[in-house]
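Notes follow the structure.
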There are 2 protein chains.
Amino acid sequence: MLQEVFDAYSFVFEEELLEEISEVGILKEFKENEMIIAIGDSVSSMPLLLSGAIKILREDQDGDELLLYFLERGDTCAMTLSCCLGHAKSEIRAVAEMPTKLIMIPIEKMEEWISKYKSWRDFVFESYHSRLSEMLDTIDTIAFLNMDERLLKYLRDKAKINQNELVQTTHQQIAYDLHTSRVVISRLLKKLELKGTIALNRNSIEVIDL
Amino acid sequence: MLQEVFDAYSFVFEEELLEEISEVGILKEFKENEMIIAIGDSVSSMPLLLSGAIKILREDQDGDELLLYFLERGDTCAMTLSCCLGHAKSEIRAVAEMPTKLIMIPIEKMEEWISKYKSWRDFVFESYHSRLSEMLDTIDTIAFLNMDERLLKYLRDKAKINQNELVQTTHQQIAYDLHTSRVVISRLLKKLELKGTIALNRNSIEVIDL
DNA sequence: CCTATACAGTAACATTGGTTACACATTGAA
DNA sequence: TTCAATGTGTAACCAATGTTACTGTATAGG
């Protein structure tokens with residue numbers, strides 16, 4: 001395990017910390033589309049992503065959902081982190097976007113390391129910083145863009161995360177992520193196809209024109 | 001100055017830190033509607049609110065704006081804080097919602113204190129936590145609520161901040177804050193008035209039914 | 001007092017996005 | 001092979017929001 005942690009985080013942490021991480025951290029693996037954390041789950045450890053990607057979703061009381069952002073290798077979830085420090089419950093839902101490995105750090109250690117390791121402290125601040133930026137970006141997207149632009153951004157983000165211009169998903173799934181209806185997505189996708197921006201197939205969309 | 005800092009933050013910081021704050025902090029005062037920071041301004045110090053309230057706005061490239069949240073006494077701006085640590089430029093605009101006093105802390109001190117004072121570290125984390133929560137709330141609002149519900153929430157928030165059910169503003173200003181048009185706001189306000197939820201006057205709205 | 005300006009009310013219309021309904025194709029399981 | 005479940009295409013309609021245009025009124029400054 002040490003090797004994997006080392007690969008993903010060596011550019012950030014000193015060796016001593018890396019060893020502590022691999023001592024106390026618990027390795028977990030998730031299959032594609034497996035739920036990692038649900039809204040209301042109590043949070044007692046903090047995840048470090050070793051490989052794969054995670055989709056972070058917000059849900060309202062009616063169960064309507066909205067994609068907030070993706071997490072990748074080397075990221076942690078500042079939302080979870082925030083919950084950890086407040087010993088609170090999760091306000092978001094996390095789903096594995098692809099097969100994903102992560103290492104769970106118990107809260108106590110995470111707090112201890114903040115005093116002990118400067119690199120850890122910097123990492124935690126940097127995480128908060130990234131997450132605030134992502135949230136701002138999400139707000140910009142839903143506040144200032146129309147659905148067609150949001151859809152295109154979604155496809156690009158997803159293509160980037162998967163390092164593949166062939167996005168494997170259904171119209172219904174996109175509709176869930178963007179908090180709209182399947183019909184709207186089908187309609188807009190068709191328009192994009194006519195413009196030559198994408199090519200449509202059952203269960204997949206090819207992003208042609210970035 | 002020490003007294004004011006003490007009043008606003010004594011429940012958080014130890015005396016030694018409070019004294020450091022009043023030594024290196026620079027007191028600034030802003031009139032109602034005065035701009036505190038603009039998008040793109042470089043951030044070299046971090047504000048602690050002593051009194052008053054600040055409106056935090058996001059702007060897109062066309063100058064369209066959107067209210068993110070309010071800051072009150074005892075708050076700091078984690079966005080600014082985030083910028084400080086990254087030595088970056090402001091991604092938001094801050095405007096005094098009412099006459100406001102704040103104390104500016106130079107970046108160097110703010111970083112130094114993170115190692116030096118646990119209370120400061122906790123305060124900074126707590127700020128990040130609050131800001132993430134506020135951002136989530138903002139996202140919920142624009143993603144899941146209709147304009148009439150957003151308007152009502154806006155009026156309630158504003159009444160709360162001003163501790164006064166008489167909200168002094170214009171339809172145009174509300175439209176800017178909610179990123180919509182004046183006509184839409186006038187229309188919805190009229191509907192709320194007919195329902196007896198509010199009473200309308202020139203330059204002010206009375207929130208009757210919380 | 002007079003007048004320019006800001007503020008508010010409202011109608012008519014355009015656009016975007018959401019809903020319902022149905023057709024048809026693909027796929028996997030019985 | 002057959003059938004049910006899932007995915008997609010599309011029309012028709014509806015609701016929410018945005019736009020344009022015009023009205024009248026309050027207010028501040030000359």
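All heavy atoms count here, side chains included; hydrogens, waters and symmetry mates do not. Within every chain, numbering begins at 1; the chains are lettered A, B, ... in the order of the sequence lines, protein sequences first and strands thereafter.
Where A/N146 and B/K190 each meet DNA chain C at their nearest nucleotide, the meeting point lying more 5' is that of B/K190.
Of the inter-residue distances, the one linking B/I92 atom CD1 with B/I39 atom CD1 reads 7.5 Å to the nearest 0.5 angstrom.
A/E134 and A/S130 form no side-chain donor-acceptor contact under 3.5 Å, judged by distance and modelled atom types alone.
At a non-hydrogen distance threshold of 4.0 Å, B/T170, B/H171 from residues 165-181 of chain B come into contact with DNA chain C.
Put simply, CG on A/L188 is 15 Å from P on D/dT8, counting in whole angstrom units. For the pair A/I185 CD1 and C/dT19 C1', the interatomic distance rounds to 15 Å; values are reported in whole Å. Between B/L194 atom CG and C/dG9 atom P the separation is 10 Å, expressed in whole Å. In this entry the distance linking CZ of B/R150 with P of D/dA16 reads 15 Å, nearest Å. Between the CG atom of B/L192 and the P atom of C/dA8 there is a distance of 15 Å, rounded to whole Å. Atom CG in B/L200 sits about 15 Å away from atom C1' in D/dT25, given to the nearest Å. As a whole-Å value, the separation of B/R187 CZ from D/dA16 P is 11 Å. Rounded to whole Å, atom P of C/dA11 lies 12 Å from atom NZ of B/K191.
With sequence neighbours excluded, no residue forms a ring pair (Phe, Tyr, Trp, His ring centres under 6.0 Å) with A/Y69. Partners of B/D157 by salt bridge (Lys or Arg N to Asp or Glu O under 4.0 Å), not counting sequence neighbours, listed by chain and number: B/K153. Every residue was checked against the side-chain contact (heavy atoms from CB on, under 4.5 Å) condition with B/R202, not counting sequence neighbours, and none meets it.
In this pair, B/F13 and B/Y9 present their aromatic rings parallel. The plane angle is below 30°, not in the 30 to 60° band.
Closest contact between the side chain of A/V183 and the listed nucleotides D/dT10, C/dG18, C/dA11 involves D/dT10.
B/R93 and B/D41 are not joined by a salt bridge, as no carboxylate oxygen comes within less than 4.0 angstrom of a charged side-chain nitrogen.
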- Message: A/L102 vs A/F30, test: side chain to side chain contact (heavy atoms under 4.5 Å, CB included). Steps then yes/no.
- Response: CA-CA 8 Å; A/L102 48 83; A/F30 295 89; 4.0 Å; yes

- Should B/K191 and B/L194 be marked as a side chain to side chain contact (heavy atoms under 4.5 Å, CB included) after you check the CA-CA gap, both sets of side-chain angles, and the distance that decides it? CA-CA 5 Å; B/K191 271 192 200 167; B/L194 290 176; 5.6 Å; no

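Counting only distance, with no hydrogens or angles, the side chain of A/E65 and the backbone of A/L57 share no donor-acceptor pair below 3.5 Å.
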- Represent DNA chain C in dot-bracket notation, 5' to 3'. Only Watson-Crick or G-U wobble pairs with both distances under 3.5 Å count; pseudoknot-style crossings use [ ] and interstrand partners use |. ||||||||||||||||||||||||||||||

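Counting non-hydrogen atoms of other residues, nucleotides and ligands closer than 6.0 Å to OH of B/Y176 gives a total of 12 or fewer.
Using a 4.0 Å heavy-atom criterion, one finds that A/D148 contacts no nucleic acid atom at all.
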Which pairs, protein N/O on one side and nucleotides 22-29 of chain C N/O on the other, fall under 3.5 Å?
unit_1	atom_1	unit_2	atom_2	d
C/dT26	O2	A/R202	NH2	3.2

